[in-house]
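Here's the structure we're looking at; comments come further down.
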Amino acid sequence: MTKTAGRVKILQIGKFYSPYAGGMETHLEDLCVQLNRSADVRVIVANTSAGTVSEEISGIRVHRAGTWGSIANAPISPGLVNAIRRSPADIVHIHWPNPAAVLAYIASRHPGQLVVTYHSDIVGKRLAALLFHPILNRVIARSAAVIATSPNYVESSPILSRFKNLCHVIPYGIATERMAAPNPAVINDIKARYGPRTVLAVGRLVYYKGFEYLVRAMRHVDGRALIIGDGPLRENLKAIAVSCGVTDRVVFLGEKSGQDLVPYFHAAEVFALPSVARSEAFGIVQLEAMACGKPVINTNLDSGVPFASLDGKTGLTVPPADPESLAAAINLLLNETELRSRFGEAGRRRVFEEFRLETMTERTCDLYRQILESRPLLNEANPPLFQGVYAAPSNTRDEASL
């Protein structure tokens, strides 16, 4: 991706950046490192303190604007405006939700082409979302393109569904090499400690992850659930395990990340994502489990969750907040070795074909290129629902195709 006058200049605007830990932050860092191989990439984010810092991380120039406080968990960083205004970027790429960044972008009057990655709606803050909708609509309407991470989210989002002509579906990608099997002795040690019939769940212990229903489901499962993560519901979930009489079947392993987490994916027989609300916009952790060859049990949310792992192809999809259905799916996969293997192998193929970090970056570069070359992004006479950056597969059951 080049310009006649040199490398394309891309400004990525996020909420925070590494080493701040979070799903959006990991995605942003991975994307920037890949893009920087063929473009001049700069990053502007809020700092976690009042000081303003500019530094270089893995070859990326990162500007952290000092934060004076927050409103509804949104950082107040007045320095964002001038930092964006001074950027010579050809493309300004904002990662939403991030109200502070959107307001700063508007105030900056930056002339570059605008791209918005729409990670999720504002969920759980109805009044704030309603108040901000007119501003967000204005910004999206003047953007060159909007990246959605699944076709499901374009249909279900009250914002995106109004701008389908601007939407390009580019799913998340993961660095598959990070999920390579570690030392077999480490995997065998986990299996020896927790048994051969294990279901793994990973995530923050918060309401929308639905771990309560996994704990309740274990009343009906001959096996053990390993829950990795921490959060405000930890003690509540432990109390539910006691009341359900499953303390011997549910193990809370606390926070683990990176290479400490990978062996657990390989040691488990099944992976579960029992989320109950569309706050779970995609569930990238599903991709990590699939890359390790594990079948996934997810829930039928109106988000990207059932798009990532397909019902009857790479795993099973059950109704949210339904411990009986969740238990039945777990038992089926724990009892059926051949089905586990078939789903697991299909999941691994799906990740390597559609959800690799390199694939996501190539699709993003293609979109940038279209914008910079001023090509029509859609056929105005007969606009398709999604531009051909990504063709969504069918989500119907077709086990014979596996």
Heavy-atom side-chain proximity of [X] to [Y] below 4.5 angstrom:
X: Phe282; Y: Ser120; result: no
X: Glu358; Y: Gln34; result: yes
X: Val102; Y: Phe132; result: yes
X: Ile44; Y: Tyr105; result: no
X: Val351; Y: Thr176; result: yes
X: Leu28; Y: Phe16; result: no
X: Pro306; Y: Asn152; result: yes
X: Asp311; Y: Asn300; result: no

### Task
Using a strict 4.0 Å threshold on nitrogen-to-oxygen distance, state whether Arg356 and Glu177 make a salt bridge.
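Here Arg356 does not pair with Glu177 in a salt bridge, since their nearest N and O are not under 4.0 Å apart.
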### Task
Decide, yes or no, whether a salt bridge links Asp366 with Arg363 under the criterion of side-chain N to carboxylate O below 4.0 Å.
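No salt bridge links Asp366 with Arg363.
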### Task
Determine, stepwise, if the pair Tyr264 / Thr198 fulfils side-chain hydrogen bond (donor to acceptor under 3.5 Å, both in side chains).
CA-CA 10 Å; Tyr264 289 89; Thr198 54; over 6 Å; no
Just to verify, what does [X] make a salt bridge (Lys or Arg N to Asp or Glu O under 4.0 Å) with, not counting sequence neighbours?
X: Glu212; value: Arg216
X: Arg85; value: none
X: Glu56; value: none

Looking only at heavy atoms, which two atoms of [X] and [Y] are closest? And how far apart?
X: Val43; Y: Cys32; value: CG2-SG, 3.6 Å
X: Ser325; Y: Val318; value: O-CG1, 3.8 Å
X: Gly283; Y: Val305; value: N-CG2, 4.5 Å
X: Ser18; Y: Glu29; value: CB-OE1, 3.2 Å
X: Asn331; Y: Asp222; value: OD1-N, 3.9 Å
X: Leu287; Y: Ala308; value: CD2-CB, 4.2 Å

Given 3.5 Å as the limit, does a donor-acceptor pair link the side chain of [X] with the main chain of [Y], or not?
X: Arg249; Y: Arg219; answer: yes
X: Arg197; Y: Val221; answer: no
X: Arg7; Y: Val41; answer: no
X: Thr67; Y: Asn47; answer: yes
X: Trp68; Y: Ser77; answer: no
X: Thr52; Y: Gly66; answer: yes
X: Thr364; Y: Met360; answer: yes
X: Arg340; Y: Leu333; answer: yes
X: His220; Y: Glu324; answer: no
X: Asp90; Y: Val8; answer: no

### Task
Could you point out which residue of Asp40, Thr361, Ile60 forms a side-chain contact (heavy atoms from CB on, under 4.5 Å) with Leu35?
Thr361
### Message
Check for me whether Arg350 meets the cation-pi criterion with Phe307, that is, NZ or CZ under 6.0 Å from the six-membered ring centre and within 45 degrees of the ring axis.
### Response
yes
### Task
Tell me, please, whether Phe211 has Arg234 positioned over its six-membered ring: NZ or CZ under 6.0 Å from the ring centre and within 45 degrees of its axis?
no
### Query
Could you go step by step and tell me if Arg349 and Met290 meet the side chain to side chain contact (heavy atoms under 4.5 Å, CB included) rule?
CA-CA 8 Å; Arg349 288 199 308 269; Met290 291 158 65; over 6 Å; no
Enter the distance from [X]:[atom1] to [Y]:[atom2] here, rounded to the nearest 0.5 Å.
X: Asn98; Y: Met24; atom1: CG; atom2: CE; value: 6.5 Å
X: Ile147; Y: Leu166; atom1: CD1; atom2: CG; value: 12.0 Å
X: Thr337; Y: Glu269; atom1: OG1; atom2: CD; value: 7.5 Å
X: Leu233; Y: Tyr208; atom1: CG; atom2: OH; value: 11.0 Å
X: Ser143; Y: His93; atom1: OG; atom2: NE2; value: 10.5 Å
X: Ile140; Y: Cys167; atom1: CD1; atom2: SG; value: 7.5 Å

### Task
Would you please say whether a donor-acceptor pair under 3.5 Å links the side chains of Arg278 and Ser156?
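Yes, side-chain donor-acceptor contact under 3.5 Å.
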### Task
Would you list the pairs meeting salt bridge (Lys or Arg N to Asp or Glu O under 4.0 Å) in which at least one residue belongs to residues 45-54, sequence neighbours left out?
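Counting only pairs at least two positions apart or across chains, no salt bridge (Lys or Arg N to Asp or Glu O under 4.0 Å) contact touches residues 45-54.
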### Message
side chain to side chain contact (heavy atoms under 4.5 Å, CB included) for Val296 and Phe343? Distances and angles first, verdict last.
### Response
CA-CA 8 Å; Val296 171; Phe343 283 167; over 6 Å; no
### Message
Going by side-chain hydrogen bond (donor to acceptor under 3.5 Å, both in side chains), name the pairs with one or both residues in residues 286-298, residues two or more places apart or in two chains.
### Response
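Sorted pair list: Gln286-Asn298, Asn298-Thr317.
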### Task
Report the C-alpha separation of Tyr207 and Asn236 in whole Å, then their side-chain angles, then the decisive distance to 0.1 Å, and conclude whether the side chain to side chain contact (heavy atoms under 4.5 Å, CB included) test is met.
CA-CA 11 Å; Tyr207 85 96; Asn236 179 258; over 6 Å; no
### Message
Test side chain to side chain contact (heavy atoms under 4.5 Å, CB included) on Ile91 and Leu11; report intermediate values, then the result.
### Response
CA-CA 6 Å; Ile91 288 178; Leu11 176 62; over 6 Å; no
### Query
Under 6.0 Å from the CZ atom of Arg138, do we count more than 12 heavy atoms belonging to anything else shown?
no
### Task
Not counting sequence neighbours, which residues clear ring-ring contact (aromatic ring centres under 6.0 Å, His included) with His27? List them please.
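So His27 forms a ring-ring contact (aromatic ring centres under 6.0 Å, His included) with His95, His119, Tyr172.
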### Message
side-chain hydrogen bond (donor to acceptor under 3.5 Å, both in side chains), that's the test. Do Thr299 and Ser275 meet it? Break it down for me.
### Response
CA-CA 6 Å; Thr299 51; Ser275 305; 5.2 Å; no
